[in-house]
Amino acid sequence: MIGLWDTTGSAVVKALAAERRTAGGVTSGLALTLIVVTEEAEVRAAEAAATVAAAAHPCRLLIVVRDEVTHPRSRLDAEVVVGGRLGPCEAVVTRMRGRLALHAESVVMPLLAPDVPVVTWWRCGPPDRIAYDPLGVVAERRITDTMQCDDPLEALRVRADDYAPGDTDLAWTRITPWRTLVASVFDASHSLPTKITIEAPPKDPSALLMGGWLTARLGVTPEMRPVSGNRMHGVAMQMTDGGTVTIRRDDGRVVVQRTGLPDRTLPLTDRSLGEDLAEELRRLDADQTYAAALAKATGRDGFQDRAPIRVHVWHDPALAERPDTADDAGRDTGPSGETAMVSVSGAADVAKVPDTADVARPAGPGVADGDIEAAGDTRAPGGEPAK
Amino acid sequence: MNNPLRDPQDRRLPRIPEPCALVIFGVTGDLSRKKLIPALYDLANRGLLPPGFVVLGFARRDWGDEDFASLARKAAQAHARTPWRDEVWDRLGENIKFVPGSFDDDEAFDRLAETLDELRATHGIEGNAAFYLSIPPSAFPVVLKQLERTGMSDNQKSGGWRRVVVEKPFGNDLPSAKQLNDLVDHAFTPEDVFRIDHYLGKETVQNILALRFANTLFEPVWNSLYVDHVQITMAEDVGIGTRAAFYDKVGTTRDVVQNHLMQLLALVTMEEPTGFSATEIRTEKLKVMRAIKLPGDISRDTVRGQYQAGWVAGERVPGYLDEPGVPPDSTTETYVALTLGVQNRRWARVPFYIRAGKRLPRRVTEIAVLFKRAPHLPFAPSDVEMLGANQLVIRVQPDEGVTLKFGSKVPGTTMEVRDITMDVQYGEAFTETSPEAYERLILDVLLGDKTLFPDAEEVEAGWRVVDPLEEAWAGTRPEPYRAGEWGPRAADAMLARTGRAWRRA
């Protein structure tokens, strides 16, 4: 393990190369790069989950902790771990403070493993529009978690408005065991449901997606019955042949009741965050089933016409968080409103960002023309391509 | 009616079998305790068993359901791959039943048939059942007759599917294999017979097809123009253990060459199947198995060996003839090396060297494809002294993976070239920690997917290769080799005659 304090992006790249050399042949064959965007309070949970997922999917793990974007001084700390406490992957945990946190891609892009897919997971509230976060723009697959938001249902609608192929949400991943159970009902049955009721807490995005999925596949819009608790509780179906099927959670197991058949109990263990994440990493193409469920759940459509590649939109949360900053010694003379500044999709093409001198400028591996200089700020990364 | 909730696009939903029962004969045996029951637990833990699933054990023990359930629990706990969760076992354990009886006991089989019928009402299992015959082949006829007599093997009568799973040995030679195949195919229908070759359940073995047919890199050189020869090795460091009675009658060739190594050879040499269905793959495998050519002079181009006392893994081990239960004048081989050919345009004149043995230095199964040397080397001869042939090695076990060996410049001021090895291990390079072969195979039986199961014709094709060899070897004595060596000297000499050498596996 190498720890770097108050360092630069190029020093991190060198440290990773050095650490890989000394660790020997532990990591041959990478399947993907996983970027985890998180906050200091969630680092432990994110690391634990990523370690579990990395055991199943050999990856380079880049954990980005953003903190205090309004802090006047930018600072980068990094920890490079290869085959150590974060499992068999090669991992870089970076902590970014100040304006640098808004240009995290300048540190992350040179660290991406060459020519393997990039997956970005937000272990925090995702940006309103993924295009606001350059770490989402570089990724082929983007994993959000609306359960992390204050208003998960609203957050799910936001995700639907912003949807692009390659997006998924962990609220969807969490119901795979449930969907498996419900689907198995129809393996042996020859009738369809006329009415479906989903029992779930009122603010459960998973239940909403479950309803969307059933609507998309069966053409029956389920009725939601709110119950207390924090997880989906059950699904009941009235079948065309007059019978009923109910699947209900009951203390770590699930009881399947069906007219004419004896009750059956099955274990339904809650999966860990890591297992959910590992499921996400199994497929790196767009999940059309999720898109259909999300569309029905939120009443949005036109998903099939959306482009899978986003264009970065400059968005400065500092302006929103500290509206008076703009006047603060002229430090943040960022744009008012949004302007498309950077178009990034795999190969970065970085345009000038109208930040002031004490701000780190973004520089990615695609910056071969050298027209970006780290003016003013010594901590601006050198933009070395990952070797 | 197709299930409206299942969509090929929806790859998150695992395939789950219909409600069914698994009947295990010989449920108290080693295989059942070490492999089958733990595999069932792992499947349950991964959520891959249907809501209605019952395990029925059948054996000659005076047991109740609880006795069996507690044995099964111990077996699962000791050998399961996935973490132990009591609630998973509790659900599975509730649905474990035991039917005591011997194989010639009509009443016991009637009881078994009744128990299966009752599952319709109690568990919603509409007659689907798989019978796992984890019993010696000598007991097959009587068990199959019982299944036929009670109508348990009949799809129509039972109202669902009825499948049978048989383990190797699939006979002792071609006539006995045919007899056995006829027997099983008659009791059930040929489509419902699943022959387990657990090698085919291994991820790496399935990956041979992906490696060959999903890439452009390897197929162009996968022929006699570029390939010098192929070595297939299946080495074990263990001896015969307590299997003397079985092993002494069989020997290495019948035990592993006829099935595992023939399958590996077929997968490496077969042409591209037109599709990835069970029948398409089988067609190609059979074609190439029929093209296997035996050496003209069997006594010269094959070697049999028998281990003598020696040291393996730091322990003194006895010779084969001193193993308990082995007759002192046994001529059974514990090692075999073969030179085979494949008669088609792709493989003409490429020798396939196959070796298998016990008490070799380490446990390893691998397929090594050794390429021809470059036709011209523009280097000084002294600079390429250390350059060997390019090799692609598919390691089946342990440490499943692929290595590629090629020449590279030695760093420094001189232009020296030597071999280096590039190593990819599947365990880490490919998604999902590999499930046990039995998990995959049991699941496929319950789903009715026959891709990974050799059918009667493949078994018979294997015997067509092995039988003439056994005939030629009759009355000869195997060459001795010391335990802990890579087989007899004669095996090295067999390759040395053509200027080749065994790869140290």
* Any idea which heavy atoms bring A:R217 and B:P4 closest together, and the distance? -> NE-O, 2.9 Å
* Asked: Between B:E94 and A:T265, what is the shortest heavy-atom contact and its length?
  -> OE1-OG1, 4.2 Å
* Asked: Looking at B:R11 and A:D287, does any basic side-chain N land under 4.0 Å from a carboxylate oxygen?
  -> no
* Given that the side chain runs from C-beta out, which part of A:D263 has a heavy atom under 4.5 Å from chain B: side chain, backbone, both or neither? -> neither
What pairs of donor and acceptor atoms, side-chain ones from residues 175-184 of chain A against any protein atom, are under 3.5 angstrom apart with sequence neighbours left out?
residue, atom, partner, partner atom, Å
A:T176, OG1, A:T173, O, 3.0
A:T176, OG1, A:E279, OE1, 3.4
A:T176, OG1, A:E279, OE2, 2.8
A:R179, NH1, B:D10, OD2, 2.6
A:R179, NH2, B:D10, OD1, 3.3
A:T180, OG1, A:T176, O, 2.6
A:S184, OG, A:L181, O, 2.7

* To do: Let me see the working for B:R12 and A:W172 under side-chain contact (heavy atoms from CB on, under 4.5 Å), right down to the final yes or no.
  => CA-CA 10 Å; B:R12 288 174 197 263; A:W172 172 245; 3.2 Å; yes
* To do: Applying side-chain hydrogen bond (donor to acceptor under 3.5 Å, both in side chains), name anything that partners B:K202, two or more places apart in sequence or on another chain.
  => B:Q397
Should we say atom [atom1] of [X] is surrounded by more than 12 heavy atoms from elsewhere, each under 6.0 Å from it?
X      : atom1 : answer
A:R85  : CZ    : yes
A:R283 : CZ    : yes
B:K74  : NZ    : no
A:D115 : CG    : no

* Structure fact -> Sorted by chain and number, sequence neighbours left out, side chain to side chain contact (heavy atoms under 4.5 Å, CB included) with B:A76 holds for B:I37, B:Y41, B:W84, B:W89
Options [options], ranked by heavy-atom pairs under 4.5 Å with chain A, top entry:
options                    : value
B:P19, B:G52, B:P51, B:G47 : B:P51
B:A121, B:P50, B:A44       : B:A121
B:R120, B:H123, B:E18      : B:H123

* Answer with side chain, backbone, both or neither: which region of B:E126 has an atom nearer than 4.5 Å to a non-hydrogen atom of chain A? => neither
* Asked: How far does CH2 of A:W213 sit from CG of B:L13, to the nearest 0.5 angstrom?
  -> 5.5 Å
* Asked: Could you state the interatomic distance from CZ (B:R91) to CZ (A:R253), rounded to the nearest 0.5 Å?
  -> 5.0 Å
* **Sorted by number, residues from residues 234-241 of chain A in contact with chain B (heavy atoms, under 4.5 Å)** => none
* Do the non-hydrogen side-chain atoms of B:L5 and A:L214 ever get within less than 4.5 Å of each other? -> yes
